[in-house]
Amino acid sequence: MRIDPNTFEGFNRVLTGVVVPRPIAFVSSVSADGVVNLAPFSFFNAMAYDPATIVMGISRSAGWKAKDTLANIEQTGEFVVNVVVDDIAEAMNSTAAEFPADVDEFQISGLTAAPSELVRAPRVVESPVNMECKLNQVVSVGDGTKHAIVIGEIVLMHIRDDIISGHRINHQRLKPVGRLAGNMYCNTHEIYELVRPQYDGEEG
């Protein structure tokens, strides 16, 4: 089957069904007026480590209102990415509705907000990894009216002590959640190792 993304009806569902699993950025932000927001985004990944850089794709609107997370990030230049794990997956999902801008999703989810150190946005206490971020730039996609790519620099990371040893992360203790398509998610309880090969030849 050949698919033209510009003419295939429902292409977004195809795309999110084949680019899987996707990590979830559980983003806490705060508006210029001090209203806290918490929302998940699965168009997310790490892009570089020097400087430590993450990217997120965010829609500009939810139909009837602007996306609070993107508006907050553009207003303040700060946000926190909290890693979604098995224990908070349902709480994360409860924040995915398009609530009015004055609603604090921490209260909706029952999760606990804790002060960050370098940014105004709070961290999610129940998440084992919190990445305090400063905005690098917002890149408009297409004509700029529908989607934007947020590029942020991690300025401080908080990791629960029991999941890190040196620079190694214990994924069986971390238990991150991945996003599939529609209402489907996955976990990483089963993992395996592939050792990267090395080329031993000499340059010609």
Side-chain angles (χ1 to χ4, degrees), residues 12-29 37-59 67-70 72-73 78-97 105-106 109 111 116 119 121-139 141 147-160 162-165 167-194 196:
N12 62 310
R13 292 190 289 272
V14 175
L15 180 62
T16 55
V18 297
V19 182
V20 291
R22 298 186 306 281
I24 303 167
F26 200 17
V27 181
S28 43
S29 61
N37 184 265
L38 182 63
F41 299 91
S42 66
F43 281 8
F44 158 71
N45 221 312
M47 289 291 110
Y49 53 82
D50 188 14
T53 303
I54 57 94
V55 299
M56 298 184 297
I58 303 179
S59 298
K67 281 283 189 180
D68 298 324
T69 298
L70 182 56
N72 292 350
I73 291 173
E78 300 177 342
F79 58 100
V80 177
V81 173
N82 306 277
V83 171
V84 177
V85 296
D86 286 353
D87 289 344
I88 64 170
E90 290 192 16
M92 172 276 298
N93 188 55
S94 72
T95 69
E105 287 85 357
F106 274 95
S109 65
L111 296 170
S116 295
V119 302
R123 300 179 291 118
V124 175
V125 170
E126 291 82 359
S127 171
V129 181
N130 320 108
M131 294 173 272
E132 299 186 26
C133 298
K134 297 274 191 178
L135 176 63
N136 181 302
Q137 62 178 308
V138 175
V139 180
V141 177
H147 306 285
I149 296 173
V150 173
I151 304 175
E153 181 178 346
I154 302 168
V155 294
L156 189 65
M157 182 181 290
H158 306 259
I159 302 183
R160 201 175 67 206
D162 66 310
I163 64 173
I164 185 169
S165 177
H167 64 275
R168 299 289 184 184
I169 300 297
N170 186 325
H171 293 98
Q172 284 146 333
R173 290 183 178 173
L174 178 61
K175 298 180 180 178
V177 172
R179 181 75 191 277
L180 302 176
N183 296 323
M184 304 302 292
Y185 293 80
C186 66
N187 52 44
T188 57
H189 295 172
E190 295 183 17
I191 61 176
Y192 62 93
E193 182 178 15
L194 292 174
R196 178 183 297 184

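Keep in mind that what you see is a predicted model, and the values were worked out from it rather than measured. Along the sequence shown, the residues carry numbers beginning at 1. Below, each value reflects all heavy atoms present in this structure, side chains not excepted, and no hydrogens, waters or symmetry copies.
- Listed by chain and residue number, Ile24, Phe26, Met92, Thr95, Ala96 satisfy the side-chain contact (heavy atoms from CB on, under 4.5 Å) test with Pro40 (two or more places apart in sequence, or in another chain).
- Here CG of Leu174 is found 4.5 Å from CD1 of Ile163. Values are rounded to the nearest 0.5 Å.
- For the pair Ser127 and Val83, the tightest heavy-atom approach, listed with the atom from each and the gap, is OG-O, 2.7 Å.
- Ile154 and Cys133 make their closest contact through CG1-SG, 4.0 Å (heavy atoms, listed as atom of the first residue, atom of the second, distance).
- For the side-chain hydrogen bond (donor to acceptor under 3.5 Å, both in side chains) test, residues two or more places apart in sequence or in another chain that qualify with Ser29 are Asn72.
- Remark: Arg160 engages Asp162 in a salt bridge (charged side-chain N to carboxylate O under 4.0 Å, His left out) (not counting sequence neighbours).
- With sequence neighbours excluded, the residues that form a salt bridge (charged side-chain N to carboxylate O under 4.0 Å, His left out) with Lys134 are Glu78.
- In this structure Ile149 satisfies the side-chain contact (heavy atoms from CB on, under 4.5 Å) test together with Val55, Val139, Val141, Ile151, sequence neighbours excluded.
- Screening residues 171-187 for side chain to side chain donor-acceptor pair (under 3.5 Å), with sequence neighbours left out, gives no hits.
- Note that the CG atom of Asn136 and the CE atom of Met47 stand 13.5 Å from one another [nearest 0.5 Å].
- In this structure, Ser116 contributes its side chain and Ala121 its backbone to a donor-acceptor pair below 3.5 Å.
- Residues that satisfy the side-chain hydrogen bond (donor to acceptor under 3.5 Å, both in side chains) test with Ser109, not counting sequence neighbours, are absent from this structure.
- Residues passing the side-chain contact (heavy atoms from CB on, under 4.5 Å) test with Ala25, sequence neighbours excluded: Val27, Phe44, Met56, Val81.
- For the atom pair CD (Glu126) and CD1 (Ile88), the distance works out to 7.5 Å, reported to the nearest 0.5 Å.
- Listed by chain and residue number, Leu180 satisfy the side-chain contact (heavy atoms from CB on, under 4.5 Å) test with Met184 (two or more places apart in sequence, or in another chain).
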(request) Walk me through it: do Asn170 and Ser165 pass the test side chain to side chain contact (heavy atoms under 4.5 Å, CB included)? (result) CA-CA 8 Å; Asn170 186 325; Ser165 177; over 6 Å; no

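- Among residues at least two apart or in separate chains, side chain to side chain donor-acceptor pair (under 3.5 Å) pairs with a member in residues 81-93 are Ser28-Asn82, Asn82-Asn130, Asp86-His189.
- In terms of heavy atoms, Val20 sits closest to Thr16 at CG1-O, 3.2 Å.
- Applying the side-chain hydrogen bond (donor to acceptor under 3.5 Å, both in side chains) test to Ser59 and every residue at least two apart in sequence or in another chain returns His147.
- Screening residues 42-55 for side chain to side chain donor-acceptor pair (under 3.5 Å), with sequence neighbours left out, gives Arg22-Ser42.
- A distance of 11.0 Å separates CG of Asn37 from CG of Leu70, quoted to the nearest 0.5 Å.
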